[in-house]
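Presented below is the structure to which this report refers.
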Amino acid sequence: MGMNSSSVKEDFVLVGFSDQPNLEKILFVVVLVSYLLTLVGNTVIILISSTDSKLRTPMYFFLTHLSLVDICFTTSIVPQLLWNLRGPAKTITVLGCAVQLYVSLALGSTECVLLAVMAFDRYAAVCKPLHYAAVMNPRLCQALAGVAWLSGVGNTLTQSTVTLWLPRCGHRWLHHFFCEVPSMIKLACVDIHANEVQLFIASLVLLLLPLALILMSYGHIVKAIIRIKSVQAWRKALGTCGSHLMVVSLFYGTITAVYIQPNSSYAHTYGKFISLFYTVVTPALNPLIYTLRNKDVKGALGRLFGRDKTANIHGIKKVAFQERIS
């Protein structure tokens, strides 16, 4: 019994949105619906990208990785968030917090680099169309995806480990809805200036550097589009980049506010809501953006469900024929 009491005292308290109980009820529904959309939408994208021969291109290879990242990223955060929103218990164990910190930071960092890789792929498709297949060969695609995953793992092994080793002097109240580095380091009872500098440098490398590469890629894409005289080709170029650009805007527009200036008054006041957007809302919107704005995905969905419908019709006809001859 003493051990249980001791373990409870060591648990972290995720304050989250507990100061707004009426908001918690609304957020529970919003988060649950968003999570279900994330699971269903991204699973469908992985399924059609893996099974449809027309989608076996570098773009959908990276999109499959992005969908996998989004599923795992939200799953590392949302179940605990839903549990805390629905009842008075707002705690998370030390082990649970550590796992959440390592996994969510690894996947978030991976997504940053992966979006930059996808921007390079769009640059090659629009600016180097004749050499696209040679440039974005399977070996390079696998290497770029590997770099994205390894950069996420490397960042979390460094940042999360240093953060968890900080002495907290019994501070357990985390003013956030999940265990994240900017809020975790604020629990420390020592000078955290060095940690803030380290976080800022990591953010420069894994946030601003990929963002700069994305902007450079789209700068070249815009120049190439301006030179295109065919209206049809111009629309196709915009269509193939529009979905990715929307995803980049949603993700980077929110996450940079938390990680680049974690001590700003804006991040302090709206930090939880900003984090809620890039951890819950954005992963749910990604599949919708790629589906609604992409004719290839729409066509693949039609072929997938059309194939199933055709198979069912053939099955019914086969059974009817067998009954007739018997």
Side-chain angles (χ1 to χ4, degrees), residues 12 38-39 42-43 45-46 49-50 58 60-81 92-121 138-166 176 178-185 194-214 244 247-248 251-252 254-256 258-260 262 275 278-280 282-283 286:
F12 289 104
T38 299
L39 294 179
N42 285 289
T43 300
I45 286 180
I46 293 173
S49 298
S50 304
Y60 294 102
F61 171 77
F62 295 125
L63 183 56
T64 299
H65 281 268
L66 180 64
S67 294
L68 180 60
V69 167
D70 281 342
I71 289 173
C72 298
F73 183 49
T74 53
T75 300
S76 71
I77 297 168
V78 171
Q80 179 69 46
L81 173 59
I92 183 172
T93 63
V94 174
L95 178 60
C97 185
V99 170
Q100 190 178 73
L101 182 66
Y102 274 103
V103 174
S104 62
L105 182 58
L107 294 167
S109 303
T110 299
E111 182 156 351
C112 290
V113 180
L114 195 56
L115 288 173
V117 170
M118 293 175 74
F120 174 73
D121 171 68
R139 182 174 294 181
L140 178 62
C141 291
Q142 292 171 1
L144 291 173
V147 168
W149 285 97
L150 287 175
S151 62
V153 172
N155 184 45
T156 197
L157 287 176
T158 304
Q159 293 280 356
S160 300
T161 303
V162 171
T163 300
L164 290 173
W165 274 100
L166 286 171
H176 210 339
F178 77 107
C179 297
E180 192 176 30
V181 172
S183 55
M184 288 284 291
I185 61 177
N195 299 86
E196 291 176 337
V197 171
Q198 183 186 29
L199 176 63
F200 180 73
I201 293 173
S203 299
L204 286 178
V205 174
L206 288 168
L207 271 176
L208 295 188
L209 180 58
L211 182 59
L213 294 174
I214 291 170
H244 178 256
V247 170
V248 168
F251 184 75
Y252 274 96
T254 52
I255 198 169
T256 50
V258 174
Y259 278 87
I260 298 301
S275 297
Y278 67 77
T279 57
V280 177
T282 302
N286 287 354

Which value, rounded to the nearest 0.5 Å, describes the distance between [X] atom [atom1] and [Y] atom [atom2]?
X: F62; Y: C141; atom1: CZ; atom2: SG; answer: 4.0 Å
X: T282; Y: D70; atom1: OG1; atom2: CG; answer: 8.5 Å
X: S160; Y: Q100; atom1: OG; atom2: CD; answer: 11.0 Å
X: F251; Y: L114; atom1: CZ; atom2: CG; answer: 10.0 Å
X: L206; Y: I201; atom1: CG; atom2: CD1; answer: 12.0 Å

Side chain to side chain, [X] and [Y], heavy atoms closer than 4.5 Å:
X: L150; Y: V147; value: no
X: L164; Y: M184; value: yes
X: H244; Y: L115; value: yes
X: Q198; Y: T158; value: yes
X: C72; Y: L68; value: yes
X: V69; Y: W149; value: yes
X: V99; Y: L95; value: yes
X: N195; Y: L199; value: no

* Asked: Can Y102 and T161 be said to form a side-chain hydrogen bond (donor to acceptor under 3.5 Å, both in side chains), step by step?
  -> CA-CA 8 Å; Y102 274 103; T161 303; 2.7 Å; yes
* Asked: Cut-off 3.5 Å, side chains only: do S50 and Y60 have a donor facing an acceptor?
  -> no
* Asked: In terms of side-chain heavy atoms, does T279 have a donor or acceptor partner in S275 at a distance below 3.5 Å?
  -> no
Give me the atom names and distance for the closest heavy-atom approach of [X] to [Y].
X: Y252; Y: C112; value: OH-O, 2.9 Å
X: T74; Y: I71; value: OG1-O, 3.1 Å
X: S109; Y: N155; value: OG-ND2, 2.8 Å
X: Q159; Y: A202; value: NE2-CB, 2.8 Å
X: S151; Y: V113; value: OG-CG2, 3.3 Å

[X] (side chain) donor-acceptor with [Y] (main chain) under 3.5 angstrom:
X: T163; Y: I185; result: no
X: T156; Y: V153; result: no
X: S49; Y: I46; result: no
X: S183; Y: E180; result: yes

* Asked: Among T38, N286, N42, which residue meets the side-chain hydrogen bond (donor to acceptor under 3.5 Å, both in side chains) test with S67?
  -> N42
* **Counterpart residues, ring-ring contact (aromatic ring centres under 6.0 Å, His included), relative to Y278 (two or more places apart)** => none
* Only counting residues at least two apart or in another chain, list the ones meeting ring-ring contact (aromatic ring centres under 6.0 Å, His included) with F178. => H176
* C179: disulfide bond (SG atoms under 2.5 Å apart) partners, not counting sequence neighbours -> C97
